[in-house]
Amino acid sequence: MCGITGWVSFDRDLRAAEEAATLDAMTETMSCRGPDDRGTWTAVHASLGHRRLAIIDLPGGRQPMTVKTPEGAVALVYSGEAYNFTELRDELTARGHRFTTDSDTEVVLRGYLEWGEALAERLNGMYAFAIWDGRHDRLVMIRDRMGVKPFYYWPTSDGVLFGSEPKAVLANPLARPRVTPDGLRELFTMLKTPGHAVWDGMYEVEPGTVVTVDRGGLRRHVYWRLETRPHSDDRDTSIATVRSLLDDIVRRQLVSDVPRCVLLSGGLDSSAVTSLAARQLAESGEKVRTFAVDFVGRTENFVADELRTTPDTPFVHDVAQRAGTLHRDIVLDPDTLADPEVRARMIRARDIPMGLGDMDASLYLLFRAIREHSTVALSGESADEVFGGYLQFFDERARNADTFPWLVRFAEDFGEDSDMLRDDLRRDLDLGAYIRDSYGAAVAGIERLPGESDFEYRMRRICHLHLTRFVRVLLDRKDRASMAVGLEVRVPFCDHRLVEYVYNTPWSLKSFDGREKSLLREATADVLPRSVYDRTKSPYPSTQDPKYAVALQEYARELLARPDHRVFELIDRDRLSGAAAHGAPRITTASRRGLERTLDLAMWLDLYEPELVLG
């Protein structure tokens with residue numbers, strides 16, 4: 001896992017000292033993503049930068065990696081993992097390629113030499129990589145199917161800038177840190193519009209897409225999209241297929257030359273991954289390490305609500321005991337969660353103030369603690385999107401609403417932070433219209449099977465929206481928080497084979513017992529503790545300690561004492577004052593979220609000094 005960046009310019013010589021210094025600056029923005037090594041490579045019209053987190057073939061996987069051909073050099077910078085690199089290596093060897101390392105990076109590079117852009121269709125994994133093909137003076141950028149690894153680019157008048165994160169691109173003087181109304185709309189709607197990067201002039205390489213840049217301009221090619229197909233397997237066959245896929249996926253994703261672990265929450269998803277990993281590692285006499293996040297006093301003082309009916313820790317310990325893991329709880333206190341330095345680190349990691357408050361802070365702190373013991377972690381992320389685990393899948397209002405289903409419940413469950421915006425700005429942004437337009441575009445291409453009932457088609461649309469929009473919010477959050485501390489997090493449930501198969505199972509199969517994630521529960525029933533098998537869905541934990549809210553209020557009052565702060569170009573001062581009022585330690589969910597978002601915005605404005613275009 002690494003950070004990549006680069007610059008292609010057909011009108012200048014990038015070997016010049018000033019341009020080389022700029023590439024160095026772009027590369028160094030991602031030192032956290034790659035703490036183990038750095039490298040740059042430069043030709044006349046292309047320069048590539050790389051920061052490495054060494055996972056496989058520690059001495060042999062240095063980058064940028066190049067191959068010289070009679071027609072010109074081909075150079076690669078690569079971030080991610082190809083889980084089928086062993087099979088691809090064997091196939092390439094049979095075709096006459098000779099390898100000098102054991103890394104998956106060299107397999108990707110030589111795979112490109114053999115198959116060109118069609119290599120993408122052969123890869124199984126999470127990846128974002130760029131190849132400068134000196135034979136044709138062309139840059140090729142490829143991103144994985146589900147968008148697990150981030151990838152951004154900025155077209156210029158004579159080429160392109162790119163990077164794993166916006167900060168790498170913004171380190172080049174050609175890129176302006178500017179945010180227009182559409183960028184603000186994206187920040188305040190809990191959406192992740194494909195291709196949208198918030199920063200004006202910047203774009204994402206969309207998941208499942210190849211972007212090429214040459215003297216003729218920029219072109220995009222979609223090599224994978226989520227397609228509707230008939231599903232003819234019965235229940236037992238579907239359950240067995242899911243289990244077979246999961247066994248293969250977990251086995252592949254356990255491959256590592258550095259210490260690995262599993263993130264364990266005590267829910268069905270992470271417990272399934274933990275239990276399968278433990279069973280497989282036991283074959284070689286190895287125990288799996290597990291880590292869970294908790295808060296001081298949470299288990300003893302837990303108060304159930306509509307989202308979370310039980311604390312996580314008892315279920316975590318049931319799984320750890322049953323699977324025989326080497327387990328550790330990471331217990332956090334409210335002062336650490338509210339620490340402005342932690343907030344700053346998450347904003348630097350994400351480059352935008354689009355967070356989830358204490359849930360972002362705790363995720364960062366969890367990963368930072370894990371990194372002291374492991375370099376790779378497997379996660380249960382995305383199982384809710386794949387198998388249908390969220391409450392909105394079962395909420396009639398969300399099922400029947402002509403909008404993104406998670407938005408129907410979001411304000412109730414987490415608070416509506418756009419209420420903190422100034423009234424004039426909120427009117428100008430017209431977030432409702434932005435959401436309606438985004439929703440229309442998102443559902444326009446979802447195919448319906450012949451004879452599919454209205455109900456099944458509506459559920460297909462809901463599943464599709466979660467797999468192509470909502471999941472990308474969470475994947476980006478997890479990647480940024482983990483890579484900020486040099487931890488690689490793998491997501492078995494994002495294997496495209498599993499996603500394709502389960503997406504096309506009808507909703508009647510996904511919920512055959514009337515519960516969420518029926519297929520996953522039955523596919524892993526033999527390895528789960530009964531307590532976890534019977535447990536209902538519980539989201540990622542959030543602190544209930546009133547001291548956290550009190551700390552937020554104190555920081556908000558400090559901000560109010562700075563009337564000239566730029567945040568008040570966006571935020572209504574009176575609403576912030578009300579949320580920060582004395583004597584309100586048990587503030588409402590909406591006020592707490594509003595405080596968190598305001599403090600995030602203020603920190604972001606201080607750190608990035610973006611130009612805001614509000615009109």
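Computed from a predicted model, the values in this text were never measured in an experiment.
Rounding to the nearest 0.5 Å gives a distance of 4.5 Å between CD of E204 and CZ of R143. The structure places SG of C494 at 4.5 Å from CG of L475, a figure rounded to the nearest 0.5 Å. Taking CD of E500 as the start and CZ of R145 as the end, the distance is 7.5 Å to the nearest 0.5 Å. Within the model, atoms CZ of R185 and CG of L187 stand 11.5 Å from one another, a figure rounded to the nearest 0.5 Å. Between D144 atom CG and E81 atom CD the span is 11.5 Å, to the nearest 0.5 Å.
Using a 4.5 Å heavy-atom cutoff, the side chains of F387 and V242 are in contact. Counting only heavy atoms from C-beta outward, the side chains of L356 and M190 approach each other to under 4.5 Å. A 4.5 Å side-chain heavy-atom check between K287 and L281 finds every atom pair outside the cut-off. With a 4.5 Å cut-off on side-chain heavy atoms, I55 and R490 count as touching. Using a 4.5 Å cut-off on side-chain heavy atoms (C-beta onward), F493 and V499 make no contact. Side-chain atoms of T325 and V319, non-hydrogen and from C-beta on, never get closer than 4.5 Å to each other. At a threshold of 4.5 Å between non-hydrogen side-chain atoms, the residues F367 and V489 count as touching. Side chains of E186 and D182 form no contact here, defined as non-hydrogen atoms less than 4.5 Å apart.
A side chain to side chain contact (heavy atoms under 4.5 Å, CB included) with L263 is found for exactly one of L363, I370, L378, namely I370. A salt bridge (charged side-chain N to carboxylate O under 4.0 Å, His left out) with R535 is found for exactly one of D269, D318, D312, namely D312.
Under the rule for a ring pair (Phe, Tyr, Trp, His ring centres under 6.0 Å), the partners of F291 that lie at least two apart in sequence or sit in another chain are H373. Qualifying ring pair (Phe, Tyr, Trp, His ring centres under 6.0 Å) partners for Y434, counting only residues two or more places apart in sequence or in other chains: none. Remark: R477 engages D360 in a salt bridge (charged side-chain N to carboxylate O under 4.0 Å, His left out) (not counting sequence neighbours). Residues forming a salt bridge (charged side-chain N to carboxylate O under 4.0 Å, His left out) with R298 (at least two apart in sequence, or on another chain): none. Taking S232 as the reference, nothing meets the side-chain hydrogen bond (donor to acceptor under 3.5 Å, both in side chains) condition, with sequence neighbours excluded. Among residues two or more places apart in sequence or in another chain, the ring pair (Phe, Tyr, Trp, His ring centres under 6.0 Å) test is passed with H464 by Y503. Every side-chain hydrogen bond (donor to acceptor under 3.5 Å, both in side chains) that K167 has, sequence neighbours left out, goes to E165, D351. Applying the ring pair (Phe, Tyr, Trp, His ring centres under 6.0 Å) test to Y203 and every residue at least two apart in sequence or in another chain returns Y153. Residues that satisfy the side-chain hydrogen bond (donor to acceptor under 3.5 Å, both in side chains) test with E206, not counting sequence neighbours, are absent from this structure.
Here R225 does not pair with E227 in a salt bridge; the nearest charged N to carboxylate O distance is not below 4.0 Å. Using a cutoff of 4.0 Å between basic side-chain nitrogens and carboxylate oxygens, R458 and E456 are not scored as salt-bridged. A salt bridge does not link K537 with E516: none of the charged nitrogens is closer than 4.0 Å to a carboxylate oxygen. A salt bridge links D248 with R252; the closest basic N to acidic carboxylate O contact falls under 4.0 Å. Between D526 and R279 there is a salt bridge, since at least one side-chain N of the basic residue sits less than 4.0 Å from a carboxylate O of the acidic one. Salt bridge present: R497 and D495 bring a charged side-chain N and a carboxylate O closer than 4.0 Å. The pair D476-R480 counts as a salt bridge, with a side-chain nitrogen and a carboxylate oxygen less than 4.0 angstrom apart. Between D479 and R33, at least one side-chain N (NZ, or NE/NH1/NH2) sits under 4.0 Å from a carboxylate O, which counts as a salt bridge. A salt bridge is defined here as a Lys NZ or Arg NE, NH1 or NH2 lying under 4.0 Å from an Asp or Glu carboxylate O, and D534 with R530 meets this definition.
Among residue pairs with one or both ends in residues 117-129, those qualifying as salt bridge (charged side-chain N to carboxylate O under 4.0 Å, His left out) are E91-R122; sequence neighbours excluded. Contacts classified as salt bridge (charged side-chain N to carboxylate O under 4.0 Å, His left out) and involving residues 367-377 (residues at least two apart or in different chains) are not found. Among pairs with a residue in residues 230-276, those fulfilling ring-ring contact (aromatic ring centres under 6.0 Å, His included) read H231-Y501, at least two apart in sequence or across chains.
For the pair R409 (side chain) and Q392 (backbone), a donor-acceptor distance under 3.5 Å is absent. A donor-acceptor contact shorter than 3.5 Å is absent between the side chain of K510 and the backbone of K517.
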task: List the steps and the verdict of ring pair (Phe, Tyr, Trp, His ring centres under 6.0 Å) for F151 and F129.
output: CA-CA 8 Å; F151 203 173; F129 60 90; 8.2 Å; no
message: Using side-chain contact (heavy atoms from CB on, under 4.5 Å), reason through Y439 and L465 one step at a time and then give a plain yes or no.
response: CA-CA 9 Å; Y439 177 75; L465 290 170; 3.6 Å; yes
field: Residue pair L123, L88: steps toward the side-chain contact (heavy atoms from CB on, under 4.5 Å) verdict
entry: CA-CA 8 Å; L123 293 174; L88 290 175; 3.6 Å; yes
message: Does E381 form a side-chain contact (heavy atoms from CB on, under 4.5 Å) with L474? I'd like the steps, not just the answer.
response: CA-CA 8 Å; E381 189 77 88; L474 301 182; 3.9 Å; yes
Step-by-step side-chain contact (heavy atoms from CB on, under 4.5 Å) determination, R597 to F188: CA-CA 10 Å; R597 176 52 71 93; F188 281 94; 3.5 Å; yes
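The two residues R399 and M459 have their closest heavy-atom pair at NE-SD, 3.7 Å. In terms of heavy-atom proximity, A304 sits nearest to T309 at CB-O, 3.7 Å. Minimum interatomic distance between D305 and Q544 (heavy atoms only, all atoms of both residues): OD2-NE2, 4.4 Å. The two residues A120 and Y127 make their nearest non-hydrogen contact at O-OH, 3.6 Å. The two residues S79 and K149 have their closest heavy-atom pair at OG-CE, 3.9 Å. For the pair F393 and C463, the tightest heavy-atom approach, listed with the atom from each and the gap, is CE2-SG, 3.8 Å.
A centroid separation of 6.0 Å or more is found between the aromatic rings of F512 and W507.
The aromatic rings of W224 and H496 lie perpendicular to each other, with more than 60° between the two planes, well past the 30° mark.
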